[in-house]
Enquirer: 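I'd like to ask some things about the structure below.
Just so it is clear: chains get the letters A, B, ... in the order the sequence lines come, proteins before strands, and each one is counted from 1.
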Number of protein chains: 2
Amino acid sequence: MVTILQVSRQAGVSTATVSRVINNPEVVGVRTRERVLEVIERLGYRPNLVARDLASRSSRTIGVVINNFASVYYGFMLEGVEMALRNVGYKTIAESSQATSEGERQAWFSLLDRQCDGVVVHADNLEDDELAVLLDRQPTSVLLNRYLKSHADRCVYLDNVQGGRLAAEYLISKGHHQIATITGPMKFYQAKDRLKGFTQGLAQASITLDADLVAEGDFHEAGGEAAMAHLLDTQKPFTALFCHNDEMAAGAMETCRRRCIRVPEEISILGFDDVNVASHLTPKLTTVRQPLREIGAAAGILAHSLATGQVANSGLKTVFDAEIVERATVVDVTP
Amino acid sequence: MVTILQVSRQAGVSTATVSRVINNPEVVGVRTRERVLEVIERLGYRPNLVARDLASRSSRTIGVVINNFASVYYGFMLEGVEMALRNVGYKTIAESSQATSEGERQAWFSLLDRQCDGVVVHADNLEDDELAVLLDRQPTSVLLNRYLKSHADRCVYLDNVQGGRLAAEYLISKGHHQIATITGPMKFYQAKDRLKGFTQGLAQASITLDADLVAEGDFHEAGGEAAMAHLLDTQKPFTALFCHNDEMAAGAMETCRRRCIRVPEEISILGFDDVNVASHLTPKLTTVRQPLREIGAAAGILAHSLATGQVANSGLKTVFDAEIVERATVVDVTP
DNA sequence: CTGCCATATGTATCCGGTTACATCAAGAAA
DNA sequence: TTTCTTGATGTAACCGGATACATATGGCAG
């Protein structure tokens with residue numbers, strides 16, 4: 001491997017000058033600069049990032065902790081972070097947490113150990129208290145799609161309450177009154193908030209959510225199937241169903257298919273997220289879209305600003321609204 | 001940040017000893033070791049990986065280059081790599097190439113600059129020649145899902161010829177004789193090989209592939225739709241269709257739906273990959289499965305062995321077979 | 001009691017860069 | 001011409017660890 005020392009020798013200058021040519025070209029004399037650049041080119045020199053990071057105490061890199069890679073949900077957010085950072089000359093490195101609190105902790109620290117200048121953490125499993133402590137200690141870390149009251153300015157997230165409300169308003173606008181819902185695990189604040197907003201939305205139309213029409217799912221297809229079966233078994237009639245994510249909606253649709261219940265003719269179904277599955281289902285799923293890329297991008301930018309001490313959150317948008325993507329699973333039943 | 005120096009002072013030993021406690025505990029006296037460990041614990045010391053990597057000239061990390069993150073296809077492979085490496089105490093870091101040759105080059109080098117001990121590269125776009133040169137220069141890099149004759153032992157991939165043949169054999173076993181196919185872009189060897197195997201499979205049953213029944217797609221849904229429309233427009237009859245990936249199959253199914261052609265009653269459709277979309281389509285897609293996780297894992301292990309100079313490719317499996325996953329889009333038409 | 005060897009620990013250098021500070025040359029001002 | 005300033009470059013320390021080699025310590029055989 002060719003080092004800065006070899007370049008400096010070949011060019012007849014000191015390593016400091018070579019370093020300057022790379023990081024501060026304008027302070028180097030034109031003649032010297034060109035000579036050095038020529039040598040760099042000829043030798044195919046590439047600065048060793050590890051050495052640079054150590055010496056400069058900065059890695060120009062933001063780390064990202066996500067649950068896992070085999071899911072476009074995280075993939076989109078990751079892409080958002082990456083894209084935004086690329087624009088400011090920063091790199092992104094991601095680590096997965098396997099969706100456990102221990103994994104989240106480890107991935108987070110591991111990224112810090114690599115001297116990431118900041119880290120964007122998607123932490124579903126760590127408790128609020130611990131997160132608060134960690135955020136206090138790591139002033140350049142930000143939370144992705146999670147809201148922590150004590151550190152609101154360090155969170156970038158979808159307004160799940162708004163999303164839930166939007167779902168209710170939309171279904172009501174289509175003439176539905178008897179509406180069931182399959183929530184995510186209630187230990188997740190996303191589920192709590194979506195349900196809260198949903199309840200609010202119904203209330204606006206003077207509808208009270210019937211406890212029998214609420215089933216808790218697991219954010220996966222299987223849970224959606226089971227929850228839907230449960231809802232149907234209670235025999236309470238409903239004309240529309242709101243699911244806390246698209247996968248559970250897919251499960252619910254599967255249950256309908258099996259029981260020969262036509263969607264949307266007999267039951268309208270509304271999903272949440274708008275990840276690929278939504279557009280592949282038949283009929284295509286109407287859903288509440290999360291702007292995942294944008295959310296990721298904002299989180300990346302926020303971490304970057306914190307890391308570089310930019311003029312504080314200069315009006316950076318950190319709370320995002322969900323929006324309805326109309327496809328084919330919700331019909332208007334207005335008489 | 002607490003450094004090894006502070007730990008050594010607190011423990012009344014030299015930094016060398018602290019370093020040993022961490023990397024070679026057995027050579028340190030029991031009493032000293034415990035004292036040091038106690039201090040480490042108390043101070044919350046975490047070794048700076050950047051410094052360690054620089055000093056040891058190894059990062060215990062394997063880099064991975066993939067097209068993009070927002071696709072489970074790469075996600076699965078990445079998970080495979082990560083999982084396999086975790087077992088041997090190695091870390092994984094991924095970088096995306098945006099599916100351009102320049103991006104692949106840059107990501108690859110960037111990973112090398114970070115002193116990754118090895119790198120697993122999914123390079124669709126770089127030319128064979130350049131890949132050969134790069135592989136020669138980087139003895140610990142391996143190719144993921146691409147086959148390079150000159151460096152066969154550095155490639156971990158699906159046997160696409162076998163996959164194509166399997167597809168033909170399967171459809172034929174279901175009584176189909178008139179079979180159409182939508183290929184990937186023919187500049188990709190995957191498409192070439194799948195088509196080659198497919199042709200072979202047909203030949204085994206004395207069927208020659210009618211050129212009118214071959215349409216080139218783009219590996220995306222839109223291309224599948226268009227290609228299917230094209231195939232139907234030529235008016236040549238066929239009872240089954242083999243698509244080079246699931247997304248194009250989804251597109252083809254969409255075209256059928258629009259033209260009121262029933263799948264699988266009128267046309268059987270077989271996909272390739274078995275990524276999520278397959279199981280969400282209606283009817284569920286019968287497809288040729290790639291063992292993506294296993295492929296990723298093998299690539300990770302191979303890179304790791306090369307990096308650590310393990311007893312060479314000790315019988316590591318590097319060529320994988322595809323298999324049929326029967327769902328609902330292919331029916332038996334044997335009279 | 002010596003001498004030797006194995007084990008435990010310290011010393012000093014190195015990894016490949018960055019950067020504060022010193023130095024030097026040349027042009028401008030006096 | 002002298003002095004100051006300014007811009008270009010070099011010197012050397014440092015980032016936080018790893019590790020080859022030197023040294024010290026203790027046990028055991030002779």
Enquirer: Taking 5' to 3' order, which nucleotide of DNA chain D is first and which is last to have an atom within less than 4.0 Å of a heavy atom in chain A?
Expert: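 The contact span of chain A on DNA chain D goes from D/dA8 to D/dG16.
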
Enquirer: For B/N160, check side-chain hydrogen bond (donor to acceptor under 3.5 Å, both in side chains) against everything at least two apart and list the hits.
Expert: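 Here the qualifying residues are B/R194.
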
Enquirer: Under 4.0 Å, heavy atom to any atom of DNA chain D: which of residues 35-57 of chain A qualify?
Expert: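 By residue number: A/L54, A/A55, A/R57.
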
Enquirer: Shortest non-hydrogen contact from B/T140 to B/R154?
Expert: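 The answer is N-NH2, 4.1 Å.
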
Enquirer: Mind checking side-chain hydrogen bond (donor to acceptor under 3.5 Å, both in side chains) for B/D113 and listing every partner two or more places apart, or none if nothing turns up?
Expert: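 By the side-chain hydrogen bond (donor to acceptor under 3.5 Å, both in side chains) rule, B/D113 matches A/R46.
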
Enquirer: Can a salt bridge be assigned to the pair B/E95 and A/K91 using a cut-off of 4.0 Å between side-chain N and carboxylate O?
Expert: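 Counted as a salt bridge, because a side-chain N and a carboxylate O are separated by less than 4.0 Å.
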
Enquirer: For A/R9, does the CZ atom have more than 12 heavy-atom neighbours from other residues, nucleotides or ligands under 6.0 Å away?
Expert: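 No, because the 6.0 Å sphere around CZ of A/R9 holds 12 heavy atoms or fewer from other groups.
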
Enquirer: What closest approach, in Å, do A/V28 and A/R33 show between heavy atoms, and which atom pair accounts for it?
Expert: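 Heavy atoms only, the tightest pair is O-NH2, 3.2 Å.
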
Enquirer: Can you find a pair of side-chain heavy atoms, one from A/N145 and one from A/L158, that are under 4.5 Å apart?
Expert: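 The answer is yes, as the side chains (C-beta and beyond) meet within the 4.5 Å cut-off.
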
Enquirer: Considering only heavy atoms of chain A and a distance under 4.0 Å, specify the first and last nucleotide of DNA chain C in 5' to 3' order that meet this criterion.
Expert: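 Counting from the 5' end, contacts occupy C/dG16 to C/dA20.
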
Enquirer: Could you work out, with side-chain hydrogen bond (donor to acceptor under 3.5 Å, both in side chains) as the rule, every residue matching A/R105, not counting sequence neighbours?
Expert: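 For A/R105 the side-chain hydrogen bond (donor to acceptor under 3.5 Å, both in side chains) partners, ignoring immediate neighbours, are A/E102, A/E130.
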
Enquirer: Once the angle between the rings of A/Y147 and A/Y157 is folded into 0 to 90°, is it parallel (under 30°), tilted (30 to 60°) or perpendicular (over 60°)?
Expert: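 The rings of A/Y147 and A/Y157 sit tilted, inter-plane angle from 30° to 60°.
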
Enquirer: Under 4.5 Å between any side-chain heavy atoms of B/F76 and B/I295, yes or no?
Expert: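 SC-SC contact between B/F76 and B/I295 ruled out.
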
Enquirer: Go nucleotide by nucleotide along DNA chain D from the 5' end; which of A/A16 and A/V27 gets its closest nucleotide reached first?
Expert: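 Taking each residue's closest nucleotide, the earlier one in sequence belongs to A/V27.
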
